[in-house]
Amino acid sequence: MFWQHDGSAKGRDGIGRGNCFVVVGLIVTVPFLTRAVCLPVLFRLHIPKSGVSKPDAARALVGLLARAFPERTLHVVADAAYRGPAWRTLPGTTTFTTRLAANAVLYALPPEPTGKRGHPRWKGEKLGTCTDLAATATWRTTEVTCYGKTETVHIATITCLWWGSLHRTPVTVVLIKETDSARPYDIALVSTDTSASAETVIARYADRWSVEQTIKDSKILIGAGDTANRLPRAVERTVPFAMLGLTILTLWYAANGTPEADLATARARAPWNRKKCATRRCHFRMEVKDRPFLRRRSGGVKLEAA
């Protein structure tokens, strides 16, 4: 009853079916890896045509985190599939950053009330799309750090309204262009965190990729991608259990692991592999015999991160 199309899990008949989970995780740094790591903590099974969209499900999960940690500031980062009106109302300690649609129409901030009769304006003049902004924006050259590398890029920032999606919430639009690019811009990011610098917004969005790596590790190393459940309760529980296991393993190894010694042991076992530079696979692997609830099938599990 929860199956849907999954292009990454094609069976022998060429058709892929699987379950889709919306996943919310905490992005952290650990001493044994140079990249950021996402720790999955909240999950919701997405049921097509149920009336609850993926952005709505993600927004509900973020609301749970905000209520659990009211004293903490939450910077939510999601890919383009999760933008939409669901993020118009956020707790005061929560921000939202995503990739801006190429056809998104932006408006200037509303002008000050004139004191005349009638309702004050909710939005300013129409600014146009990102391409329009790029033609008139003031660009500057800076260095940004993302995906483990520091590169020089051209950036431009504009504070405005994304009326169609976030309505009256002020946002900062960051336009990014490679130094040798001939395009008006290469990528546009949008964030409700108007106090953050452009470099911070770019680095924050780049850390979102750790979610994809966590999904891959959960499916391949822990076995979340091999689940073959049919009963509703089993479908709802097995994948979150496996991903929470990855979170627990990561935290345990961060507190008790010995990365240098383990890496030396791994190199001794595979002396031909001199490119191994980080501990990952050998610490999170679980034997199949220890996972009796997992069986290989033609379907799969589709995990989507907010």
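The shown structure was predicted, so the numbers you read here are calculated from the model rather than taken from an experiment. In this chain, residues are counted from 1 in sequence order.
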Smallest separation among heavy atoms of Ala234 and Thr238, with atom names: O-OG1, 2.8 Å
Pairwise side-chain contact, Arg83 with Val190, heavy-atom cut-off 4.5 Å (strictly under): no
Distance, nearest 0.5 Å, that separates CD1 of Ile202 from SG of Cys146: 7.0 Å
Keeping the roles fixed (side chain from Thr129, backbone from Ala104), state whether a donor-acceptor pair exists under 3.5 Å. no
Which atoms form the tightest heavy-atom contact between Ala268 and Pro271, and what is the distance? O-CD, 3.5 Å
Side-chain H-bond candidate by donor/acceptor type, Thr95 with Thr192, under 3.5 Å: no
State, to 0.1 Å, how close Leu175 and Ala188 come at their nearest heavy-atom pair, and which atoms those are. CD2-CB, 3.7 Å
If you group Ile, Leu, Val, Met, Phe, Trp and Tyr by side-chain heavy-atom gaps below 4.5 Å, do Ile47 and Phe43 land in one group? yes
Could you grab the distance from atom CG of Asp207 to atom OG1 of Thr97, nearest 0.5 Å is fine? 11.0 Å
Show me, pair by pair, the donor-acceptor contacts under 3.5 angstrom made by side chains of residues 152-166, not counting sequence neighbours?
unit_1	atom_1	unit_2	atom_2	d
His154	ND1	Thr141	OG1	2.9
Ser165	OG	Gly84	N	3.3

Check: Pro40 main-chain N/O paired with Thr247 side-chain donor or acceptor under 3.5 Å: yes
Is there a path of hydrophobic side-chain contacts, each under 4.5 Å between heavy atoms of I, L, V, M, F, W or Y residues, that connects Trp252 with Val28? yes
List for me each residue that meets ring pair (Phe, Tyr, Trp, His ring centres under 6.0 Å) alongside Trp122, sequence neighbours excluded, and say none if there are none. His119
Atom CG of Leu244 and atom CD1 of Ile222: how far apart are they, to the nearest 0.5 Å? 11.0 Å
Is there a continuous path of hydrophobic side-chain contacts, each under 4.5 Å between heavy atoms, that joins Phe32 to Val37? yes
Output for pair (Tyr185 OH, Leu133 CG), nearest 0.5 Å, gives 9.0 Å
Find out if a path of hydrophobic residues (ILVMFWY) with successive side-chain heavy-atom gaps under 4.5 Å connects Leu127 to Trp139. yes
Over all atoms of both residues, closest heavy-atom pair of Ile27 and Ala36: CG2-CB, 3.7 Å
Given Val22 and Tyr82, is the side-chain contact (heavy atoms from CB on, under 4.5 Å) satisfied, shown in steps? CA-CA 10 Å; Val22 177; Tyr82 285 86; 3.7 Å; yes
Hey, what do you get for CD (Glu112) to CZ (Arg121), rounding to the nearest 0.5 Å? 12.5 Å
Distance, nearest 0.5 Å, that separates OG1 of Thr94 from NE2 of His75: 9.5 Å
Report all side-chain donor-acceptor pairs from residues 56-74 shorter than 3.5 Å, counting only partners two or more places apart or in another chain.
unit_1	atom_1	unit_2	atom_2	d
Asp56	OD2	Ser53	OG	2.9
Arg59	NE	Thr89	O	3.0
Arg59	NH2	Thr89	O	2.7

Side-chain heavy-atom pair Ile176, Asp186 within 4.5 angstrom cut-off: no
Report the C-alpha distance between Trp87 and Thr98 in whole Å, list the side-chain angles of each, state the deciding distance to 0.1 Å, and finish with yes or no for side-chain contact (heavy atoms from CB on, under 4.5 Å). CA-CA 11 Å; Trp87 307 98; Thr98 187; over 6 Å; no
Evaluate the criterion side-chain contact (heavy atoms from CB on, under 4.5 Å) for residue pair Val174 and Ser191; output intermediate values, then yes/no. CA-CA 8 Å; Val174 180; Ser191 177; over 6 Å; no
Set out, in order, the CA-CA distance, both residues' side-chain angles and the distance that settles salt bridge (charged side-chain N to carboxylate O under 4.0 Å, His left out) for Glu199 and Arg140, then state yes or no. CA-CA 12 Å; Glu199 291 82 357; Arg140 63 183 177 92; 3.1 Å; yes
Can you find a heavy atom in the side chain of Tyr253 that is under 4.5 Å from one in the side chain of Asp262? yes
Shared hydrophobic cluster for Leu33 and Leu251 (ILVMFWY, side-chain gaps under 4.5 Å): yes
Please confirm whether the backbone N or O of Thr169 pairs with a side-chain atom of Arg88, one donor and one acceptor, at under 3.5 Å? no
What are the two closest heavy atoms between His46 and Pro48, and how far apart are they? O-CD, 3.7 Å
So Arg204 and Leu189, side-chain contact (heavy atoms from CB on, under 4.5 Å) or not? Walk me through it. CA-CA 10 Å; Arg204 186 179 297 165; Leu189 304 179; over 6 Å; no
Grab the two heavy atoms, one from Cys38 and one from Gly25, that are nearest each other, plus how far apart they are. SG-CA, 3.7 Å
